[in-house]
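Structure first, then comments.
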Amino acid sequence: MSLLDVNKVYSPEEIGMGKGSDSLLPVVSKPVLPELPSPPGSAGDVQGDSSVSVYVRVRPLLEDETKSGVGMMPGMVTSTSDPDNTSATAVKTEKTSIGGFTGVLGTDTNNEMLFKRCFKPQLDTVLAGGTASLFCYGYTGSGKSHTVLGYDGERGLYHLAAGDLLARMEEKYPGEELFLVATACEIYGEQVYDLMGEEKLPATLRTDANGNLCVSGPAVRSELSDVVPEYSAQPDTASLGASAHATIVTRTRGLRCGLVRNIQDLDTVSTSALQLRVVGSSTEHSQSSRSHAVLRMEVMNMETYLAREAVEEAKVLLAPLLSGIDNHFMECFNKLIEKWDRETGMISLKQYAGGQEEWDRVYESLLEKKKKLEVAVPVVVDKITEAYKQQGAVRHHEAVGGSLVLVDLAGADYDNRDVGTATTAQEKKESADINKSLLALKECFRYIAGNKSGGGRGPFRGSKLTRLLEDSLLPGAHSTRANKACASVMVVNVSPADHIAKRTLNVLRYGQIFADGTKNKARGNTKTKLVKQQ
């Protein structure tokens, strides 16, 4: 029976408002939670560096193009530049000169040669726990997907980089059983999809308590009793009413992943990503990529992998438990308190037709709900504590957490599909979304190149693509990648065909903006005018 008299008024101190379980009301105290331990090795790290290199790759004319009489674009450089020349020119005529690139890869360059020249040196960053990112940019048919994923038996940079990284891991850390955790997703319009698996699944971007962006798959809902057996052991759990409804566990896991220990595992991953990606038809290509594909591989060991899984499993229990406690508090307040007078600060109790006896029955029913909720509190806290201890005990490994990110950008096209009379509204929207994300990416790279002090967060909220890549390009202070080096390489893919010369000039000038930024605006504030397509 309650110690409270419905015919009296009480001060908040007398009732114990805000004192949790010590209150005279049958409310439940919120648990005191342990702090999530910092990632191993993060305290002693120095400020990471962010570097950007921009290369131009010129593909050869195709056999069909040669047979149909397609000529070479005037002034197009088709030979590979000297590695010592880090301000290479891609096009030079009497009226036009586009240069300033880290290097130009000529028509005789295959993927293996491109990898060794452009991206292999950046893998040292990954083995030091940092992030190396490769972006392939260009219009449809310029060789972007060929460069990233390969074609007709030739391995792409995805395979070459991962294979080289696996070999280096084994050579540098023999017997330590490091592996890669691979994920694949695409950004189509403003939607994000998980490409890892037999079917494509929608994903969402959310921000965690530390402000870090997370990619989550479809939510899976279950009862708290399904994952906390002690809670389900209590009789008549359904009597919890609103409190029980609030204890639904919603699991929002990250992108599906594959563990890559060898090249065979890698083949499975890339095949999945290829088959599920959105394609469409363009003026130049019947299989034009209409989405951005982001392939990520993170260096991992089993100790760290299992600790992360344990933390995620424990954390999903916390939100429904806290919701149940909050809802129970509101139920107690609404059913037991009539009024909290703002002027006097005094609290009067609920007046039922049955008087004190009926009020006591309501109190007893809420007290039973309190007991049932309190059963789950120590179980959940113990699970979180143990998971945090497991993560805190993880030994620091300099390579674990290092990431390899490869981005095959959607075709940077402006052709009959965009302006033709037969163009559908969907196709126009595709092009608008692609252009928006490419412009946002340009602004982010310019910010990175000019932000040597490391202050500010940059314009990463301009698109879903740049939001997704922020943690790879410029990790925040609370990121697990904070203070780690980030090396980015952009490969601008172009064709030397003369009939699309204006499109090539536009793509090169877009790439030149990146190149100018990497040299800290050495050319000054030069405005680049894009050429109108015909």
Side-chain angles (χ1 to χ4, degrees), residues 1-4 12-38 206 208-210 214 216 219-253 306-337 340 347 360-393:
M1 180 178 293
S2 168
L3 298 177
L4 297 173
E13 291 76 19
E14 289 175 307
I15 291 181
M17 297 297 289
K19 293 184 178 181
S21 296
D22 293 331
S23 170
L24 295 182
L25 298 180
V27 296
V28 181
S29 297
K30 288 189 176 181
V32 178
L33 300 171
E35 291 187 6
L36 180 66
S38 301
R206 62 183 179 85
D208 65 15
N210 289 325
C214 306
S216 302
V220 178
R221 297 177 182 274
S222 60
E223 294 282 350
L224 182 62
S225 57
D226 293 337
V227 287
V228 181
E230 295 83 353
Y231 182 67
S232 61
Q234 297 298 313
D236 192 22
T237 304
S239 68
L240 284 173
S243 303
H245 178 72
T247 55
I248 297 293
V249 176
T250 302
R251 298 169 181 259
T252 51
R253 303 300 297 270
L306 293 177
R308 286 187 184 180
E309 288 291 300
V311 169
E312 288 302 313
E313 288 291 333
K315 286 170 67 176
V316 297
L317 304 178
L318 182 59
L321 178 64
L322 295 179
S323 293
I325 292 173
D326 286 340
N327 281 15
H328 179 66
F329 174 83
M330 291 307 302
E331 189 177 8
C332 289
F333 191 92
N334 292 331
K335 289 185 176 181
L336 298 178
I337 293 179
W340 190 340
I347 297 172
D360 286 342
R361 286 199 300 269
V362 174
Y363 175 92
E364 290 298 326
S365 69
L366 291 170
L367 184 61
E368 287 301 310
K369 294 180 182 182
K370 171 184 177 177
K371 294 176 181 178
K372 292 168 184 175
L373 272 174
E374 285 183 330
V375 171
V377 173
V379 178
V380 172
V381 171
D382 286 348
K383 285 180 180 289
I384 293 175
T385 301
E386 288 303 313
Y388 284 8
K389 284 182 180 178
Q390 184 177 348
Q391 179 161 310

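Model, not experiment: these values are computed from the prediction. Below, each value reflects all heavy atoms present in this structure, side chains not excepted, and no hydrogens, waters or symmetry copies.
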Report summary line: So NE2 of His328 and OG of Ser323: to nearest 0.5 Å the spacing works out to 14.5 Å
Requested in this report: Could I get the full list of side chain to side chain contact (heavy atoms under 4.5 Å, CB included) partners for Leu318, not counting sequence neighbours?
Outcome: Leu33, Leu322, Ile384
Requested in this report: List for me each residue that meets side chain to side chain contact (heavy atoms under 4.5 Å, CB included) alongside Lys19, sequence neighbours excluded, and say none if there are none.
Outcome: Asp22
Report task. State, yes or no, whether a side-chain contact exists between Leu36 and Gln391 at a heavy-atom distance under 4.5 Å. Result -> yes
Query raised in the report: Which pair of heavy atoms, one from Val311 and one from Ala387, lies closest together, and at what distance?
Result: CG2-O, 3.7 Å
Query raised in the report: Partners of Asp382 by salt bridge (Lys or Arg N to Asp or Glu O under 4.0 Å), sequence neighbours excluded?
Result: none
Query raised in the report: Where do Pro37 and Tyr388 come nearest, in terms of heavy atoms and distance?
Result: CG-O, 3.4 Å
Query raised in the report: To the nearest 0.5 Å, how far apart are CD1 in Ile15 and CG in Leu24?
Result: 7.0 Å
Report summary line: Applying side chain to side chain contact (heavy atoms under 4.5 Å, CB included) to Ser29 and not counting sequence neighbours gives Ser21
Query - side chain to side chain donor-acceptor pair (under 3.5 Å) involving Glu386 - partner list, sequence neighbours excluded - result: none
Requested in this report: Identify the two heavy atoms, one from Tyr363 and one from Leu25, that lie closest to each other, and give their separation to 0.1 Å.
Outcome: CE1-CA, 4.5 Å
Requested in this report: Might you point out which heavy atoms bring Lys383 and Ala314 nearest each other, and give the distance in Å?
Outcome: O-CB, 3.8 Å
Query raised in the report: So do the side chains of Glu331 and Leu336 get within less than 4.5 Å of each other, counting heavy atoms only?
Result: no
Query - Side chain proximity check, Ile347 to Met17, heavy atoms < 4.5 angstrom - result: yes
**Report entry** Distance-minimising heavy-atom pair for Leu373 and Gly324
**Finding:** CD1-O, 3.7 Å
**Report entry** Contacts of Glu374 that satisfy salt bridge (Lys or Arg N to Asp or Glu O under 4.0 Å) - sequence neighbours left out
**Finding:** none
Report task. Take Val32 and Val381 through the side-chain contact (heavy atoms from CB on, under 4.5 Å) test and state the conclusion after the steps. Result -> CA-CA 8 Å; Val32 178; Val381 171; over 6 Å; no
Query - For Lys30, side chain to side chain donor-acceptor pair (under 3.5 Å) partners two or more places apart - result: Asp326
**Report entry** Beyond-backbone contact of Val27 with Leu366, side-chain heavy atoms, under 4.5 angstrom
**Finding:** no
